[in-house]
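Taking it in order: structure first as structure tokens, then the write-up.
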Amino acid sequence: MSQQISLPAKLINGGIAGIVGITCVFPIDLAKTRLQNQRQGQQVYKSMVDCLIKTVRSEGYFGMYRGAAVNLTLVTPEKAIKLAANDFFRCHLSKDGRGLTVFREMLAGCAAGMCQVIITTPMEMLKIQLQDAGRLAAQQRKPGIIPPNRLVTTNAVLSRSYNVVPNTSPRAVSATQIARELLHSQGIQGLYKGLGATLLRDVPFSIIYFPLFANLNKLGKPSPDAAAPFYWSFISGCVAGSTAAVAVNPCDVVKTRLQSLSKGANEETYSGIIDCFSKVMKREGPSAFLKGAGCRALVIAPLFGIVQVMYFIGVGEFIMSQSSLKLISD
């Protein structure tokens with residue numbers, strides 16, 4: 001089926017879907033980051049649920065949304081670029097409006113993943129510092145893990161803002177403060193630390209997600225020229241998103257470790273992707289690369305399910321006055 005691609009409408013759809021999705025699942029994403037950064041013998045959290053409970057107890061309800069502001073600010077262009085780029089490349093790779101081969105679908109997904117990292121890398125960089133600061137503070141408070149005077153920090157802003165003593169809640173640090181510190185000390189490359197690892201995660205994710213979604217969604221179409229019901233698109237987005245998320249989780253662990261500027265005592269630093277991979281494998285074993293996989297699947301599944309529902313309803317097209325809202329399937 002030939003379809004005229006409206007980039008502004010796609011950008012709006014992707015942006016709204018990103019904001020709604022992130023608002024719903026951000027606490028799980030915070031738990032994922034903290035679980036991935038834990039080392040053997042220094043565990044503060046036993047599971048996702050344990051992490052969320054301890055976060056609420058020590059940092060309050062809004063502690064679960066630490067770093068959400070930067071995510072909500074940048075997720076609109078990030079998701080919009082990813083989804084609009086995929087549609088754009090699919091449109092140009094199709095021949096005479098016919099369906100794409102699996103290879104061309106993977107090629108479109110690859111190009112979309114490469115486009116989004118210009119926003120994803122600094123967004124993840126700032127978000128991770130804010131999300132992980134509470135874990136470092138909890139390490140200081142927990143007896144027998146790290147004495148309060150042995151916390152090693154490599155980020156001056158976080159060191160000042162999270163100078164924790166027992167029974168004292170950490171003072172919040174903003175993404176703006178961290179960004180300003182990084183730009184002052186390291187220049188623009190400071191915000192793009194972990195760019196290679198981000199590409200290593202997001203490009204394979206897109207290569208897996210977009211073709212898988214397209215083929216799963218195709219199964220729900222009553223006819224080749226009809227649209228699948230919205231619930232089928234939601235399920236397809238959830239299944240494809242969670243599958244791709246788990247598949248690239250090892251790359252996400254490496255990316256999270258590389259982008260964490262502040263370290264607890266005895267937590268090693270890494271010089272690059274290969275160094276990080278080898279050290280994690282040697283010291284923590286293969287299972288370390290699956291840390292946070294369940295959390296990541298729970299984050300990505302509804303996020304991309306919501307994305308597909310937004311596309312189905314056509315919120316962007318409605319706002320651009322190109323069509324009415326499509327609340328039910330044809």
Side-chain angles (χ1 to χ4, degrees), residues 14-38 43-76 78-79 82 116 120 123-138 170 172 175 198 201-202 205 208-209 213 234-257 259-260 287-310:
I16 293 175
I19 291 173
V20 173
I22 288 298
T23 302
C24 294
V25 301
F26 191 84
I28 304 175
D29 186 64
L30 178 137
K32 181 221 57 148
T33 297
R34 294 186 177 184
L35 290 172
Q36 285 183 339
N37 267 330
Q38 288 192 139
Q43 287 92 340
V44 177
Y45 313 109
K46 298 177 182 178
S47 64
M48 178 188 73
V49 175
D50 183 55
C51 178
L52 294 177
I53 291 174
K54 288 179 178 177
T55 297
V56 172
R57 286 176 178 173
S58 62
E59 303 172 51
Y61 174 79
F62 290 105
M64 294 191 298
Y65 284 87
R66 193 174 302 282
V70 65
N71 229 37
L72 289 172
T73 301
L74 296 179
V75 74
T76 298
E78 190 254 359
K79 284 289 177 287
K82 182 189 190 82
Q116 78 172 87
T120 304
M123 179 184 75
E124 294 268 309
M125 180 71 181
L126 297 173
K127 181 194 72 172
I128 285 173
Q129 313 317 313
L130 296 170
Q131 287 182 329
D132 200 41
R135 179 188 68 88
L136 296 173
T198 305
R201 182 197 67 173
D202 288 349
F205 178 93
I208 296 170
Y209 171 78
F213 168 77
F234 176 80
I235 293 172
S236 298
C238 288
V239 172
S242 58
T243 301
V246 173
V248 302
N249 197 73
C251 301
D252 190 55
V253 171
V254 171
K255 183 197 73 68
T256 300
R257 296 284 183 93
Q259 289 187 321
S260 297
S287 62
F289 293 106
L290 293 178
K291 286 183 177 180
C295 294
R296 183 160 164 76
L298 289 174
V299 168
I300 296 297
L303 181 59
F304 279 88
I306 292 169
V307 164
Q308 299 307 333
V309 170
M310 290 295 164

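One is the number of the first residue; the rest follow in order along the sequence.
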Exercise for the section: Using a 4.5 Å cut-off on heavy atoms from C-beta on, say whether the side chain of Y65 contacts that of P27. Expected result: yes

Practice task
Assess whether side chain to side chain contact (heavy atoms under 4.5 Å, CB included) is satisfied between I128 and S260, documenting all intermediate values.
Solution key: CA-CA 6 Å; I128 285 173; S260 297; 3.5 Å; yes

Exercise for the section: Would you mind telling me which of R201, E124, Q36 makes a side-chain hydrogen bond (donor to acceptor under 3.5 Å, both in side chains) with T256? Expected result: Q36

Handout entry: Evaluation steps, side chain to side chain contact (heavy atoms under 4.5 Å, CB included), between F289 and N249
Key = CA-CA 7 Å; F289 293 106; N249 197 73; 5.8 Å; no

Practice task
Show your working on side chain to side chain contact (heavy atoms under 4.5 Å, CB included) between F26 and M64 and close with a plain yes or no.
Solution key: CA-CA 8 Å; F26 191 84; M64 294 191 298; over 6 Å; no

Problem - Salt-bridge criterion met for D252 and K32 (N-O under 4.0 Å) - result: yes

Exercise for the section: Kindly give the heavy-atom pair with the smallest separation between V70 and A175, and that separation in Å. Expected result: CB-CB, 3.9 Å

Problem - Check: E78 and L74 side chains under 4.5 Å, non-hydrogen atoms - result: no

Exercise for the section: Compare every heavy atom of D50 with every heavy atom of K46, then report the nearest pair and how far apart it is. Expected result: N-OD2, 2.9 Å

Handout entry: Side-chain donor-acceptor pair present, D29, Q131, cut-off under 3.5 Å
Key = yes

Problem - From CD1 (I306) to SG (C238), nearest 0.5 Å - result: 8.0 Å

Handout entry: Pair Q43, Q38: side-chain N/O donor-acceptor within cut-off below 3.5 Å
Key = no

Problem - Heavy-atom pair with the smallest gap, counting every atom of S242 and V239 - result: OG-O, 3.1 Å

Problem - Backbone of A240 reached by a side-chain donor or acceptor of T243 within 3.5 Å - result: no

Problem - Atom of V25, atom of P302 and distance for their closest heavy-atom approach - result: CG1-CG, 3.5 Å

Handout entry: Side chain to side chain, K291 and R296, heavy atoms closer than 4.5 Å
Key = no

Practice task
I would like to know whether K82 and F205 meet side chain to side chain contact (heavy atoms under 4.5 Å, CB included); could you show each step before the answer?
Solution key: CA-CA 11 Å; K82 182 189 190 82; F205 178 93; 3.7 Å; yes

Problem - Separation between SG of C295 and CD1 of I300, rounded to the nearest 0.5 Å - result: 12.0 Å

Problem - Qualifying residue for side chain to side chain contact (heavy atoms under 4.5 Å, CB included) with L30, from K127, R66, M48, R135 - result: R66

Problem - 4.5 Å side-chain heavy-atom contact, V254 and P250 - result: no

Practice task
Quick one: pull up OG1 in T55 and CZ in F62 and give me the separation to the nearest 0.5 Å.
Solution key: 14.5 Å

Fill in the blank from the handout: Taken to the nearest 0.5 Å, the spacing of I22 CD1 from N71 CG works out to 4.5 Å

Exercise for the section: For D132 and T33, test the side chains for any donor-to-acceptor distance below 3.5 angstrom and give the result as yes or no. Expected result: no

